[in-house]
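Down below is the structure, laid out as structure tokens.
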Amino acid sequence: GASHIGDIARTNRLVQADAGLITQIGRAHLEGFGSEDGIYRGKCELIEDVLRRGGEAWVPGVEPWHERFLSDFKSAAGAGRLRFFGTVSGTAHALNLVLAKNLPSPEGRFIKLRTEAGLVEANVHLQGAHNGMNAAAACALAEGDKPYAGVTLNVLGNSSTPSTFM
């Protein structure tokens, strides 16, 4: 985990990732980062590194961060290498992946996603609405020109079976 500016940059030097995902910019590490701006700058260390390598990054499309990501990474966003996920109510801007449903289910959560390829339904074997959003973020890595980690999504119409995440 990261709790100070530079923590993610150190990890970047070891990992050298070609894809990056920020699930949220919350206040959990406020003490170490000093401010929400510090948290944003710390997490952007991942995005900067991945984009410098020619990779793709996914970030939450919620305000106030959506506008800031667009401004700070304008060329990457324009080239489709900075992509956004979230809920429709979270932003007035276009999202590459929308969490359209996030409901409790016997398995944990039932989610429905609107992706660029079509609709995806999934059962998430974890409790809590935040885990529905985390699963949507993970699904984002299966979207785009080069799906990461060998993951593909069962797009409705191509498969009648919902994806399952444990």
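Small disclaimer: the values here were computed from a predicted structure and weren't measured.
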Exercise. Is a side-chain N or O of R83 found less than 3.5 angstrom from the main chain of V59, in a donor-acceptor match?
Worked result: no
Problem set entry | ring pair (Phe, Tyr, Trp, His ring centres under 6.0 Å) contacts in which one or both residues fall within residues 3-24, not counting sequence neighbours | none
Exercise. When you check the gap from the basic side-chain N to the acidic O, do K112 and E121 get nearer than 4.0 Å?
Worked result: yes
Exercise. Does any pair with a residue in residues 8-28 pass ring pair (Phe, Tyr, Trp, His ring centres under 6.0 Å), and if so which ones, sequence neighbours excluded?
Worked result: none
For this session: Check for a donor-acceptor pair, side chain of N102 on one end and backbone N or O of A129 on the other, with a separation under 3.5 Å.
Result: yes
Problem set entry | Single-linkage hydrophobic cluster, 4.5 Å side-chain cutoff, I5 and V15 together | no
Exercise. What distance separates M133 CE from N131 CG, expressed to the nearest 0.5 Å?
Worked result: 11.5 Å
Seminar exercise, completed: For A137 and T23, the nearest pair of non-hydrogen atoms, with its separation, is CB-CG2, 4.2 Å
Problem set entry | W65 to E36 - nearest heavy-atom pair and separation | CH2-O, 3.8 Å
For this session: Report yes if the side chains of C139 and T115 come closer than 4.5 Å at any heavy-atom pair, otherwise no.
Result: no
For this session: Compare all side-chain heavy atoms of K101 with those of I111 and state whether any distance is below 4.5 angstrom.
Result: no
Exercise. If you look at every heavy atom in T87 and L95, which pair is closest and at what distance?
Worked result: O-CD1, 3.6 Å
Seminar exercise, completed: Rounded to the nearest 0.5 angstrom, the CD1-OG distance for I39 and S3 is 10.5 Å
For this session: Check whether any side-chain heavy atom of K43 sits under 4.5 Å from a side-chain heavy atom of I25, and report yes or no.
Result: yes
Problem set entry | Sidechain-backbone polar pair: N96 side chain, F84 backbone, donor-acceptor under 3.5 Å | yes
Problem set entry | Beyond-backbone contact of L70 with H66, side-chain heavy atoms, under 4.5 angstrom | yes
Exercise. Quick one: does W58's side chain have a donor or acceptor within less than 3.5 Å of a partner on A140's backbone?
Worked result: yes
Exercise. What are the two closest heavy atoms between L51 and A76, and how far apart are they?
Worked result: CD1-CB, 3.6 Å
Exercise. Using a distance-only test with no angle check, is there a side-chain donor-acceptor pair under 3.5 angstrom linking N123 and R109?
Worked result: no
Problem set entry | R53 CZ: over 12 foreign heavy atoms closer than 6.0 Å | yes
Exercise. How many angstroms lie between CG in D18 and CG in D49, if you round to the nearest 0.5 Å?
Worked result: 10.5 Å
Problem set entry | E45 side chain vs I8 backbone, donor-acceptor pair below 3.5 Å | yes
For this session: Work out which heavy atom in R114 is nearest to a heavy atom in A100; give both atom names and the distance.
Result: NH1-CB, 4.3 Å
For this session: Please confirm whether Y40 and F33 have ring centers closer than 6.0 angstrom.
Result: no
For this session: State, with a plain yes or no, whether a side-chain heavy atom of F73 is found less than 4.5 Å away from one of I47.
Result: yes
For this session: Determine, for D72 against R41, whether the closest basic-nitrogen to carboxylate-oxygen distance falls under 4.0 angstrom.
Result: no
For this session: Identify the heavy atoms of L97 and L113 that sit nearest to each other, and give their distance.
Result: CD2-CD2, 4.0 Å
Problem set entry | L82 CG to F69 CZ distance, which is reported to the nearest 0.5 Å | 7.0 Å
Problem set entry | Residues forming a salt bridge (charged side-chain N to carboxylate O under 4.0 Å, His left out) with R13, sequence neighbours excluded | none
